[in-house]
Trainee: 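Handing you this structure, nothing more for now.
Below, chain A is the first sequence line, B the second, and so on; all start at residue 1. Values below: all heavy atoms of this structure, side chains included; hydrogens, waters and symmetry mates excluded.
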Number of protein chains: 2
Amino acid sequence: MAKLDLSTEEKIKDAAKKIFLEKGFGSATTRDIAECAETNIALVNYYFRSKEKLFHEIFRESFAETFMPVARILNDNLPLEAKIYKFVDHMTELLKRDPLLPMFVLSEMRGENSKMCELLTEMQAEEQNQFQQQLEEEAAKGNIRKTDFNQVEASLMAMVIFPFISMNMIKMKKNLTTEEFYRFVDERKKAIPEMILTFLRDRA
Amino acid sequence: MAKLDLSTEEKIKDAAKKIFLEKGFGSATTRDIAECAETNIALVNYYFRSKEKLFHEIFRESFAETFMPVARILNDNLPLEAKIYKFVDHMTELLKRDPLLPMFVLSEMRGENSKMCELLTEMQAEEQNQFQQQLEEEAAKGNIRKTDFNQVEASLMAMVIFPFISMNMIKMKKNLTTEEFYRFVDERKKAIPEMILTFLRDRA
DNA sequence: AAATATTTTAAACATTTGTTTAATTTTTTT
DNA sequence: AAAAAAATTAAACAAATGTTTAAAATATTT
């Protein structure tokens, strides 16, 4: 393992990410994390003050620094078709690296009053929406069907992300190994854009 | 409240469902549940033996008795188009009644070793797949495109269920009230079948 | 090399939490 | 109405868990 020469702080953070993503905030314990980082529980609080602070740091990094940059591909300056292919491809590769990330983020947001909700409002405060504008322009030009942007966006996100959220369910039901599951989502890199684009190009 | 004349056992179960769905097993406490049911913690164990037993009962009911019957619509004996519309409609209505249900079920299944995984294998042991056969037959007849069934199934499930999993995220990002969100998923009752069927009918 | 700061450890603390006990009240049966 | 069973309550218990303390070890600075 190359992890042996990481600083203690980094080892704890890596361990915490692993544990939190696997179990969620409620079911993860500082002792889990300390053991996984091969240190003791006092060090966890020494470096991060509290379980909650540590969680917030990992949550923020996972969302703001990992997920959002890829999600922002939809605001890139690219032709529609290339953009959708690029988004699905990059998001899929990200999620193959971090398959528990969507469940981690979203499961901490259930219940209206979740503390994570506020955190997210700050993060994505200033987001523009070039993608919506692009769809509307292409529709105005007659290149694609006129659609409700929110519906298309929701479907696109759903098709890419949901398989990872239900990964274990899919693996169980279809009897897939992790490699086979990854082959399945790789195939979706073509299947998803195909479905979206076929729909958009079919002027109703 | 009509709940006042429920038996204590039923009040506890209702409360437990509410709390478990909101917080998940790990973050829910017996004291939460007792308070929500307006009784004391001893009663929870008096009727259900343990927190885990109570959870299992609710998990099984939620999945086997609530979710699966609607999912089985895909195996009904119905024309393809009608079936997809019916499935999306019924599933959406179910999830509007119980919006936290998908996150509840799926969040307890992360980590390969989750105890819920075994439970699920038993439940859906004997499932046939009339829907797959139907898609293959219609493709053979030339009525629809030849496709990978698993991809279509995954996309259909994703488009219906994912909005509820990311409900709070969507409500926050788009500034929606619950009513507005429900209007949004109601619109998807048309949008989702339209996208799937447009894709299937477009023989590549 | 001494002094200082940083990191690490083991133990203890305080709270939370799942569970149980034993007594009391209420309901049902005889 | 008496006896038995079931339901309810308050309190206690034991284990788990987030956090802190104080001392020891290590690294850094002077």
Trainee: With side chains defined as the heavy atoms from C-beta onward, is the minimum distance between B:Lys86 and B:Asp76 less than 4.5 Å?
Mentor: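 They are in contact (side-chain heavy atoms under 4.5 Å apart), so the answer is yes.
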Trainee: Between C:dT20, C:dT9, C:dT7, which nucleotide has the shortest distance from any of its atoms to the side chain of B:Asn45?
Mentor: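 Side chain of B:Asn45 sits closest to C:dT20.
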Trainee: Output the rounded distance in Å from NE2 (A:His56) to P (D:dG18).
Mentor: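 Going from NE2 in A:His56 over to P in D:dG18 covers 15 Å.
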Trainee: Under 4.0 Å between any heavy atoms, over every strand shown, what does A:Ala28 touch: base, sugar-phosphate, or nothing? Just pick one.
Mentor: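 It contacts sugar-phosphate atoms only.
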Trainee: Which listed nucleotide (C:dT9, D:dT9, D:dT17) is nearest to the side chain of A:Thr29?
Mentor: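 Output: D:dT17.
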Trainee: Mapping A:Phe25 and B:Thr39 onto DNA chain D by nearest heavy atom, which one lands closer to the 5' end?
Mentor: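 The residue whose closest nucleotide sits nearer the 5' end is B:Thr39.
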Trainee: Go through D:dT19, D:dA12, C:dT9 for me and flag the one nearest to the B:Arg31 side chain.
Mentor: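 Within the option list, the nearest is D:dA12.
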Trainee: Please work out which of the three classes, parallel, tilted or perpendicular, describes the rings of A:Phe25 and A:Phe20, given edges at 30° and 60°.
Mentor: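 It falls in the parallel class, under 30°.
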Trainee: Would you find a donor on one side and an acceptor on the other, under 3.5 Å apart, between the side chain of A:Gln134 and the backbone of A:Leu78?
Mentor: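 Here the side-chain-to-backbone pair exists.
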Trainee: Under a 4.0 Å N-O cut-off, is there an ion pair linking A:Arg97 with A:Glu93?
Mentor: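 Salt bridge flag = no for A:Glu93 with A:Arg97.
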Trainee: Taking only side-chain nitrogens and oxygens of A:Asn40, does any of them come within less than 4.0 Å of OP1 or OP2 of C:dT9?
Mentor: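 For C:dT9, OP1 or OP2 has a side-chain N or O of A:Asn40 closer than 4.0 Å.
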Trainee: Expressed in angstrom and rounded to an integer, what is the separation of A:Lys51 atom NZ from D:dT19 atom P?
Mentor: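 Roughly 8 Å, once rounded to whole Å.
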Trainee: So, B:Lys17 and B:Asp98, do they make that salt bridge, N to O below 4.0 Å?
Mentor: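 The answer is yes: the pair qualifies as a salt bridge.
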Trainee: Expressed as a whole number of angstroms, how long is the span from A:Lys23:NZ to D:dG18:P?
Mentor: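 My rounded result for the distance is 11 Å.
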Trainee: Are A:Ser50 and D:dG18 close enough that a side-chain N or O sits under 4.0 Å from OP1 or OP2?
Mentor: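 So the side-chain polar atoms of A:Ser50 never come under 4.0 Å of the phosphate oxygens OP1 or OP2 of D:dG18.
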Trainee: With DNA chain C as reference, determine whether A:Ala42 or A:Tyr46 sits nearer its 5' end, using the nearest nucleotide of each.
Mentor: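 Of the two residues, A:Tyr46 wins.
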Trainee: Would you indicate, yes or no, if C:dT17 has its OP1 or OP2 atom less than 4.0 angstrom from a side-chain nitrogen or oxygen of B:Thr30?
Mentor: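 It does not, given that no N or O in the side chain of B:Thr30 lies less than 4.0 Å from OP1 or OP2 of C:dT17.
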Trainee: In this structure, how many angstroms lie between the C1' atom of C:dG18 and the CD atom of B:Glu35, rounded?
Mentor: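 It works out to 17 Å between those atoms.
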Trainee: Would you kindly give the CD1-to-P distance between A:Ile41 and C:dA12, to the nearest whole Å?
Mentor: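 Distance, rounded to whole Å: 13 Å.
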Trainee: Base, sugar-phosphate, or nothing: which does B:Phe48 touch, judged by heavy atoms less than 4.0 Å apart?
Mentor: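 If one applies the 4.0 Å heavy-atom cut-off, B:Phe48 turns out to touch nothing in the nucleic acid.
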Trainee: Once you round it to whole Å, what is the distance between P of D:dT19 and CG of A:Asp32?
Mentor: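 Result: 14 Å.
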Trainee: Could you state the atom-to-atom distance from CZ of A:Arg49 to P of D:dT21 in whole Å?
Mentor: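 Taking atom P of D:dT21 as the reference, CZ of A:Arg49 is at 13 Å.
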Trainee: Separation of B:Leu43 atom CG from C:dT21 atom P, in whole Å?
Mentor: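 In whole Å, C:dT21 P lies 16 Å from B:Leu43 CG.
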